[in-house]
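Whatever order the structure lists them in is the order used to number ligands and atoms, beginning at 1.
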Amino acid sequence: MPTDLPAAKLPLSKLVVLTGPSGVGKGTLLARLRAHHPDLFVSISATTRSPRAGEVNGVNYYFMSVPDFEAGIAAGKFLEWAQYVGNYYGTPRLPVVERLEAGQSVMLEIEVEGAMQVKKNFPAAMLVFILPPSMEALVTRLQGRGTDDLAVVEQRLAKANQEIAVADQFDFRVINDDLDRTVAEVEALLFGEKEKV
Ligand code: ADP
Ligand code: 5GP
């Protein structure tokens, strides 16, 4: 057994899914995990949503047209996909499968319907549902992020209520109150300090 593995290396090849309502802090959390664990492969999703200011094709998302996305669905190119507030979002299958087969851990940051598909199709995957400390905090975060106009924020909040209602169907629930504490709790899950139930 090599003894000089970097401390941050994950112990097992795992498919980990971070899910939860928009604005809860999944992206923020993921950026922190990524910085701590360079060996973690983070899937880049495809979407038909328009890029936000500063978003780069192939970095934040693969931005696609609706016909191209639908052709991808028909060709089985997505590991999971869903429609969310008027746009398609999906995980390209091939990069994820290749990394898992190569023994690398993979993380997906996706909405709840897609996470349910992963749960069904990959029973060994670890599904972590991120919850806001309160609905008021979620509203503040969604508005404070400043990326969506009021109508879109309202649609995302309506969706959030439906999503939070099924949180108990996931393996773990983590409340994103203090970011440092939340990162530590998710890391404890990744390193297997808690058993999947
Ligand atoms: P998501 O990816 O789930 O849609 P983001 O990561 O974009 O959410 O976070 C939404 C907003 O909430 C951002 O402005 C982010 O800075 C803020 N945020 C994230 N985590 C926390 C936290 N623990 N406490 C306060 N604000 C947070
Ligand atoms: P946003 O438009 O804020 O980037 O993302 C909207 C929602 O879509 C978020 O909850 C985000 O986690 C989710 N999402 C991003 N990529 C994917 C994906 O590949 N599949 C699914 N099902 N949801 C995704």
Side-chain angles (χ1 to χ4, degrees), residues 15-35 41-64 69 72-73 77-96 106-122 125 127-149 151-164 166-167 170 173-186:
L15 179 57
V16 184
V17 177
L18 278 191
T19 192
S22 178
V24 76
K26 302 184 298 295
T28 307
L29 189 57
L30 189 63
R32 291 280 290 271
L33 291 169
R34 206 174 198 157
F41 176 75
V42 180
S43 164
I44 301 171
S45 297
T47 185
T48 59
R49 158 165 91 55
S50 303
R52 294 176 181 141
E55 284 186 329
V56 176
N57 188 37
V59 176
N60 304 92
Y61 279 106
Y62 296 109
F63 294 100
M64 293 175 75
F69 197 103
I73 295 172
K77 290 197 171 159
F78 295 113
L79 189 89
E80 61 70 37
W81 63 272
Q83 277 184 303
Y84 177 90
V85 187
N87 290 298
Y88 284 115
Y89 294 81
T91 302
R93 181 187 299 276
L94 196 59
V96 172
V106 173
M107 186 166 276
L108 312 182
E109 188 255 276
I110 62 179
E111 55 70 66
V112 170
E113 202 185 314
M116 293 283 203
Q117 293 170 38
V118 176
K119 179 179 154 80
K120 186 164 157 247
N121 297 328
F122 297 84
L127 292 118
V128 183
F129 196 106
I130 309 297
L131 284 159
S134 65
M135 284 313 282
E136 290 71 28
L138 187 65
V139 175
T140 305
R141 286 181 196 177
L142 260 180
Q143 289 177 339
R145 187 168 68 182
T147 48
D148 303 291
D149 63 34
V152 172
V153 167
E154 279 170 5
Q155 286 174 304
R156 285 177 180 240
L157 283 171
K159 190 86 179 168
N161 281 307
Q162 298 165 15
E163 293 176 321
I164 290 170
V166 296
F170 293 87
R173 284 158 295 284
V174 176
I175 297 173
N176 180 19
D177 39 22
D178 173 73
L179 186 62
D180 289 338
R181 195 208 59 75
T182 308
V183 170
E185 188 173 344
V186 173

Quiz item: At the 4.0 Å heavy-atom cut-off, does Phe78 count as touching ligand 2?
Solution: no

Self-check item: Enumerated ligand 2 atoms positioned under 4.0 Å from heavy atoms of Lys26
Solution: 10 (O), 12 (O)

Quiz item: Can you find an N or O of Gly25 that's nearer than 3.5 Å to an N or O of ligand 1?
Solution: yes

Practice problem: Identify whether the distance between the nearest side-chain nitrogen and carboxylate oxygen of Glu109 and Arg34 falls below 4.0 Å. | Solution: no

Quiz item: Between the side chain of Arg141 and the main-chain N/O of Gly23, is any donor-acceptor distance below 3.5 Å?
Solution: no

Exercise. Kindly assign one of parallel, tilted or perpendicular to the pair Trp81 and Tyr88, based on the angle between their ring planes and the thresholds 30° and 60°.
Key: perpendicular

Quiz prompt | Identity of the nearest option to atom 24 (C) of ligand 2, non-hydrogen atoms only, from Leu142, Ile110, Ile44, Ile130 | solution = Ile110

Quiz item: Around Lys159, counting heavy atoms of other residues, nucleotides and ligands shown, do more than 12 lie under 6.0 Å from its NZ?
Solution: yes

Quiz prompt | contact_flag Arg156 ligand 2 heavy-atom lt 4.0 Å | solution = yes

Quiz item: Counting each atom of ligand 2 from 1 as listed, which ones have a heavy atom of Arg49 under 4.0 Å away?
Solution: 1 (P), 2 (O), 4 (O)

Quiz item: Can Arg52 be said to touch ligand 2, with heavy atoms closer than 4.0 Å?
Solution: yes

Exercise. Report yes if Asn176 has an N/O atom closer than 3.5 Å to an N/O atom of ligand 1; otherwise report no.
Key: yes

Quiz item: Looking only at N/O atoms, are Gly90 and ligand 2 under 3.5 Å apart anywhere?
Solution: yes

Quiz item: Do the side chain of Glu80 and the main chain of Thr91 share a donor and acceptor less than 3.5 angstrom apart?
Solution: yes

Self-check item: Heavy atom of the protein closest to atom 3 (O) of ligand 1 (residue, atom name, distance)
Solution: Lys26 N, 2.8 Å

Quiz item: How does Ile130 reach ligand 1, if at all, at less than 4.0 Å between non-hydrogen atoms: by side chain, backbone, both, or neither?
Solution: neither

Practice problem: Measure from atom 22 (N) of ligand 2 to every heavy atom in Glu111, Arg145, Met116 and give the option owning the shortest one. | Solution: Glu111

Quiz item: In ligand 2, which numbered atoms sit nearer than 4.0 Å to a non-hydrogen atom of Ser45?
Solution: 16 (N), 17 (C), 18 (C), 19 (O)

Quiz item: So is Thr28 polar-close to ligand 1, meaning N/O to N/O under 3.5 Å?
Solution: yes

Quiz item: When Met107 is tested against each of Val96, Leu18, Val128 for side-chain contact (heavy atoms from CB on, under 4.5 Å), which residue passes?
Solution: Leu18

Quiz item: How does Pro21 reach ligand 1, by side chain, by backbone, by both or by neither, if only non-hydrogen atoms under 4.0 Å count?
Solution: backbone

Practice problem: Would you sort out whether Thr47 and Asn87 count as a side chain to side chain donor-acceptor pair (under 3.5 Å), showing the intermediate values? | Solution: CA-CA 7 Å; Thr47 185; Asn87 290 298; 5.7 Å; no

